[in-house]
Every structure is written in C-alpha cells, then in structure tokens.
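So you know, we letter chains A, B, ... as the sequences are listed, proteins then strands, and number each from 1.
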Number of protein chains: 2
Amino acid sequence: MNVTGHTRRPASIRDVASAAGVSYQTVSRVINGHPSVKHSTRERVLAAIDELGFRRNATALALASGRSRAVTVLTANTTHYGYASILQGVEEAARAASYAVGIGVLESAEEVAVAAEVRRAADAGGGLIVIAYDPAGVGALAAVPAELPVVGVVETPATPPGGDRPWVWTDDREAAYAVTRHLLSLGHETVHYVAIPSSTRRTSARTTGWRQALREAGAPEPRPLQGNWGPAGGHRAGRKLAQDPSVTAILCGNDDLALGVLRALHENGRSVPGDVSVAGFDDAPHSAYLTPSLTTARLDFTGLGRAAFALLHGVLEQSAPIAPHRVSVPELVVRESSGPPPAHV
Amino acid sequence: MNVTGHTRRPASIRDVASAAGVSYQTVSRVINGHPSVKHSTRERVLAAIDELGFRRNATALALASGRSRAVTVLTANTTHYGYASILQGVEEAARAASYAVGIGVLESAEEVAVAAEVRRAADAGGGLIVIAYDPAGVGALAAVPAELPVVGVVETPATPPGGDRPWVWTDDREAAYAVTRHLLSLGHETVHYVAIPSSTRRTSARTTGWRQALREAGAPEPRPLQGNWGPAGGHRAGRKLAQDPSVTAILCGNDDLALGVLRALHENGRSVPGDVSVAGFDDAPHSAYLTPSLTTARLDFTGLGRAAFALLHGVLEQSAPIAPHRVSVPELVVRESSGPPPAHV
DNA sequence: GACATGAATGTGACCGGTCACACAAGGCGT
DNA sequence: ACGCCTTGTGTGACCGGTCACATTCATGTC
C-alpha cells in the first residue's frame, strides 16, 4: 500500500476530501452519518476513506467537540481480585461502547496526593469512575470537582459519599448479614470478624451487616479485628483468634484475609471446620480450591464495573437517568470451611 | 472562588494572558520554562495562572504538539496476578513521569479482533505496551503497525516476536530451570510439568527451562500437561497426575495452576510434600499462606512493568537507547510444598 | 553615530476535527 | 413568473495549545 518509504502521517479529512473531490465538511458529514448527503457523494467519500485508510483522529475530535469518549478509573489498587474485576468490567463495557479506558492508582490516602491524582485524571478528559471502597477512594470521590462527570463505586447505600452524584453498589451489608446468619444457624454462639480497612472512619457496610445479624440473634458482639487487604493481615489477626478457645466462627472481610486466618489456625493446631469455622468475602477464583475450600459471599464485581460504566455513559451522553443502582444480589456460597461448632463447647 | 454560579469553562492560556497583560505566547513560554522571559513578567504570569487555576489542556497539547504523554497497555487479562502486577508497575512509572495510562483487553485471540483492538489502542495516541505472554498478546504485538512506538513484554529472549522492536523480559527459562533443579536435587527421579497456555505454537520459555534441567540430569522427560491460567485447569491436570503413583514431583506454570494441583492431590489422598512435591511459578501473594505453603519462583512483575514504561518513555522522548532489557533475576523461593520423594519409591 | 546582536515579546498559521452559517439548485404553491 | 422551503454542499471561525517568524528595544562594538 504505502509505496513511498516515508512514514507519512495519517490521512486527515482534508486529504480524504480532496481525494473524493468534495469539501472537508462533506467528509465530516459522511463520517457522522448526517442524512443530507447525496448517495453518490457518500459512496465516493467512503471509497476515499477506505483507500487512504482514514481513521478519525480522537484527539482532534475531543478538542473540537468537547466529548472525549474516554473514562478513567481511579482506584487504590489494581491487583486485588475485587478491584481488578471491577476494572475488567468497566473495560469490557467501555470497549463495547468504543470508549477508551484510563487508570489512575491512588498510592497514598493522603489528602494532597489524592487531590493531585484526581486532577491528573481530570486532565485526561472524559468521565471518571472512582472505586470508593477504601479511604483513598472515598477521599478521591470527595475531591472530584462538582462539574466533572463521575460515578462512584461504593460499598454502602446508606450515605452517598459524593453527595448527589450517581453511584453503583453491591449490597455488602446484605452479604455480610447472610454469611453471618449462615454461621449462626450452624449453631455457633457468636461470630468473630476480621475487617478490611473500612471506607470511612466509621464502620463499613460489611461490619454493619455482620453486627446486625448478631444483634438479631441476640449473640454477643465481639470487637472486630482490624486486618489489611492481604493474607498477611489475616494471618496476624488469626494468630490472636487462635489463642482464644471460645472462638468457633470467624467471618473475614475478604477471601485473602480468610486465607491468612486459615493458615494461622492451622499453625496453631486448630482444625477447620472441626474446631473453627471460617468464611470469607468476594469468592475469589482460588477460594474454591483451597483446602478446606472457603465458604464465602460471591459478589458480581465485573457486573459492578459494567454498571458503573453504563451509568457514566448515560451521564456523558445525557441519555440515561442517573439513578443509583444496586448491582445484583450477593450470593452465599457454602463450602468446606464452615460447619457446626465442636460438640464439647 | 467561583463567585458566579455558572459552570464556566476552565481558563485557557489566552485568559491567563489577558489577566497578566501579556500575549498568549508569553504564557506558553512561562509554562514551558522558556529562558527568555523577564523575571517580573514570569512572576506576573505565574500569579495569573495561580489565580485562575489554569491547567494546561492535555488534549490541545497533544493535538498541537503531536506528543500525547500517554501509554496504552494491551493485555489479555487484568485479573491474574502477573498481568495485574505488570500493569501496576507501568502505572507507577507512568505516574512518576506524569503520563496517562490506558488499558485495552484482548478478549479473543482471534486475529481480526486483535487487530481491531490494536487500532483502538493506536487511536488513543501515545505509546503502546503489549503484554505478549500468550497467543493474543503475541498476535497484538505482531499487528502493531511499524510506525507506532511500542514495547513488548515477552517471556523468551530467544525469538523477539516483534522483529526489531524494543522489549523487556524476565528470565522465565532460567527460573523454570532453577525450580526443576531444586526438585531434582531433592532426589526426585523426574519432574512433571503442567503448562500455562504457551505464547507461541511452540514451547514456552518455562517449558524449555524445565526440559533443559531434566535433560542435563539425564532424567526422563514426561509429556507436559496442558493447563489453563486458573486453578480449574490445574485441578484437571492434577487429577490425572494423582492417579499415577510414579509421579513424585510436579512443576506448575503458575501458582494458580499449582493451587488446583494441590487440591486434586489432596482429594486423591496424596499428601504434599510427603507423597508428591509441588512447585509453582510467580510467587503470588497468597502462595506463602497456603497449606502447605508453595515452593515457587518469584518474578519481579512490577519491576517488569516499570522497565517497560521506562523503555517506551525513552523511545517517545528520543532520549534513552532502546536495547532489550532483562529485568531482575528470578528468585527461587523454597517453602513447604517441596521435599524429598517418599522412601519406598 | 551607525549597525549588528541578543533578549523579550507579539503575530499569524497550524494541528484535525466540529459547528454555525451562507449559498446554489430543484420542487412546489400561488 | 415569483417567492419559499428543502436538499446538498461549501466557507469561515473555533477548540486550546504549539511553532516559525516578525518586531521592539537595549546593549556592545567599531
């Protein structure tokens, strides 16, 4: 095709125009499917587009029209299962709508750093999706200037962190409630909780659901232990819980935490589920293959990401309504790690 | 600040210019640190910039100058540990250089789909980083037009898949070699292998390293089993291997695969490492907390991502050389899952 | 004192699209 | 025949920056 050896720059609409013998505006009309273009002219232009391999320059489009067909996902992490899956969901939906997806990682939760990262994301143009499951994310959502189109992915439906902004959520509280009830129904006197870093200073939705189930059952409410995101945090918390013989059931804020807890229990000679039952949260891909396999609550993160994009898309194109949106009902997945408490307790 | 209720559009250099009583070009000079601007003028302009909250419009910059300060990462997956970590590394380095990061997922390995995805990424402007650890990625790298700046993240140093393009790699072959040798040194007669989908029709670097170690030791070379990426594939392969009493050591193409294998061995009543030793690849965060904890080869994926960006950055700014680059030496991590073969074999 | 030199600043065109408007040609009502 | 609306097409300005070049003024040199 490109006979000349030069790295010629890509064809513009003016190149196409002169090739087709029309004005650049007519080319623009053809590209945008404007109705009033004579059939024969359109054919000619399309042929020229095809021949020159013309592709509409996204940068110029963004500058001239103001809309950039891009979204940026702001998140504290890209490697944890939940976050990565949300991102994947966003990308999937964005690809289908031919939007570009950018990502920005909130490395620190410190206010100044978060604000800087939000500005960077804003510079990229287009809409913003902020994963606000943790302090950094919540801070970012709050730091987004009012005029910017943004959708929050949040954990709790109770207090919309971004004020009147659109947001999507999975019902973490309901999920935690369901798992806790499952454990109680097996006969455990109470359920201990190893928490993920909460999104606010106050308690997270997961904590709330857990507490609600205990309260309804009239069970004692032990203090939640603070974990991190990863297995290391769970391991630390698990070591403490393993010392206490009265502990027979442990709910963990996510599956990684649960993994750490399982390990700690094992190291301390307490069997699962014989001595202690353990449940996780998220249903990460490996949870089904652990030994013992993990009882957990499955959340549809990919769907959450897709929904977040759909909502933002609606905002950006002023088409869809911007009602907040609960994405799918969480599902309790019972596996080997939960069972009745030991008889002698 | 914004006293008028209107959502006024952000300040441009011309706004700043008139506020400071200079021409727009002078503002441009100040922004770009051009030397020949009188000190007092510069002060005045900076004050105006500050007051109006001016931020340079990235889109206009890209259109006018041609350079877009953006990279797009093309990958087959965002949730698996290795891929996600590479992405994280890229983002980290890009953020430090104030580049924007885009992502594109190669959902199918089918040629037409891959080519379309590459075009989409190209439209986003800036450079490309292609993770070419799998067929889709390799196809994408090959489909990138010659004039586009691109860096490949590849597994094998032997055959640069993108021709003369810059690339980065970790020494997977060396890592597989080291792990296999470790297992042989424990006394196993041979080591079986459960493979990840190879990047080419031929064998992957990991397979090569494994085979080389066997050959050097004069050990029999069993046929590698094909797994997927996830634990499910490992589980399937593990079930087959568990039937064969002669199998005493298994190397897996990644830690997820190893997890599936561990589970399958457990289900079939074979103990690890008592009856069978298992080793993984990648050192995913949860591998240290499994029971038994997993012997594996640690690869510096984040560093790989950072290096990929650094290389691309060099290409884009015509500063650095574009030599391919081996990123860090893989490290053997010995944990509980490997040990001597059972005595009676 | 005339003139080259360099520092400081301004002007106009351009990147590749879109948008608002102008304009020519054809069909229709009167 | 005239005006008027509709269809098809072209022109100029604009988005917000950069780039190449022109201009002004102070300074140093012969």
Side-chain angles (χ1 to χ4, degrees), chain A residues 7-46 48-49 52-70 98 100 122-126 316-317, chain B residues 7-46 48-49 52-70 98 100 122-126 316-317:
Chain A
T7 304
R8 58 163 187 212
R9 58 160 174 56
S12 74
I13 53 168
R14 321 214 183 216
D15 299 331
V16 173
S18 62
V22 296
S23 78
Y24 54 83
Q25 178 62 315
T26 300
V27 177
S28 173
R29 289 201 181 92
V30 170
I31 301 173
N32 295 300
H34 190 97
S36 66
V37 175
K38 212 203 292 183
H39 186 73
S40 63
T41 309
R42 184 189 313 273
E43 294 297 294
R44 212 140 31 89
V45 171
L46 287 175
I49 285 179
L52 297 178
F54 166 82
R55 307 211 82 211
R56 197 227 243 92
N57 180 317
T59 306
L61 173 62
L63 181 60
S65 70
R67 358 170 225 291
S68 65
R69 300 192 77 71
S98 45
D123 284 350
L316 290 173
E317 321 242 297
Chain B
T7 304
R8 58 166 186 209
R9 59 159 171 56
S12 75
I13 52 168
R14 322 213 182 218
D15 300 332
V16 174
S18 62
V22 296
S23 78
Y24 54 84
Q25 178 62 301
T26 300
V27 176
S28 172
R29 290 202 179 89
V30 171
I31 301 172
N32 294 302
H34 190 98
S36 65
V37 174
K38 211 202 296 180
H39 186 72
S40 61
T41 309
R42 183 189 314 276
E43 293 297 294
R44 213 141 30 91
V45 171
L46 287 175
I49 285 179
L52 297 178
F54 167 81
R55 308 211 82 212
R56 194 227 243 93
N57 181 318
T59 306
L61 173 62
L63 180 60
S65 70
R67 5 172 218 292
S68 66
R69 299 192 76 73
S98 43
D123 284 349
L316 290 172
E317 321 242 299

Whichever of B:Arg44 and A:Ile31 has the more 5' nearest nucleotide on DNA chain C, that residue is B:Arg44
d([atom1], [X]; [atom2], [N]) in whole Å:
X	N	atom1	atom2	value
A:Asp15	C:dG17	CG	P	9 Å
B:Tyr24	C:dT9	OH	C1'	12 Å
A:Asn57	C:dG16	CG	C1'	6 Å
A:Ile13	C:dC15	CD1	C1'	12 Å
B:His34	C:dA7	NE2	P	9 Å

Closest listed nucleotide, where the reference is the side chain of [X] and the choices are [options]:
X	options	value
A:Lys38	D:dG10, D:dG8, D:dA13	D:dG8
B:Phe54	C:dT18, D:dG17, C:dT9	D:dG17
A:Gln25	D:dG16, C:dG17, D:dG10	D:dG10

Between A:Leu63 and B:Leu61, the residue closer to the 5' end of DNA chain D by nearest nucleotide is A:Leu63
On DNA chain D, more 5' by nearest nucleotide between A:Arg14 and A:Gly21 is A:Gly21
CD (B:Gln25) and NE2 (B:His34) are apart, to the nearest 0.5 Å, by 8.5 Å
Rounding to 0.5 Å, atoms CD1 (A:Ile13) and CG (A:Leu52) come to a distance of 13.0 Å
Exercise. What about A:Arg29: does its side chain form a donor-acceptor pair under 3.5 Å with the base of D:dG10?
Worked result: yes
Can you check whether [X] has a side-chain N or O nearer than 4.0 Å to OP1 or OP2 of [N]?
X	N	answer
B:Ser36	C:dA7	no
B:Arg42	C:dA8	no
A:Arg56	C:dT18	yes
B:Asn32	D:dT18	yes
B:Thr41	C:dT9	yes
A:Ser12	C:dG16	no
B:Ser28	D:dT18	yes
A:Arg67	C:dC19	yes

Check: Any salt bridge between A:Glu317 and A:Arg69, counting N to O under 4.0 Å?
Finding: yes
> Any side-chain heavy atom of A:Arg56 within less than 4.5 Å of one from A:Asn32?
Replying inline: yes
* Asked: How far apart are the C-alpha atoms of B:Asp15 and B:Arg9, what are their side-chain angles, what is the distance that settles it, and do they pass the side-chain contact (heavy atoms from CB on, under 4.5 Å) test?
  -> CA-CA 11 Å; B:Asp15 300 332; B:Arg9 59 159 171 56; 3.7 Å; yes
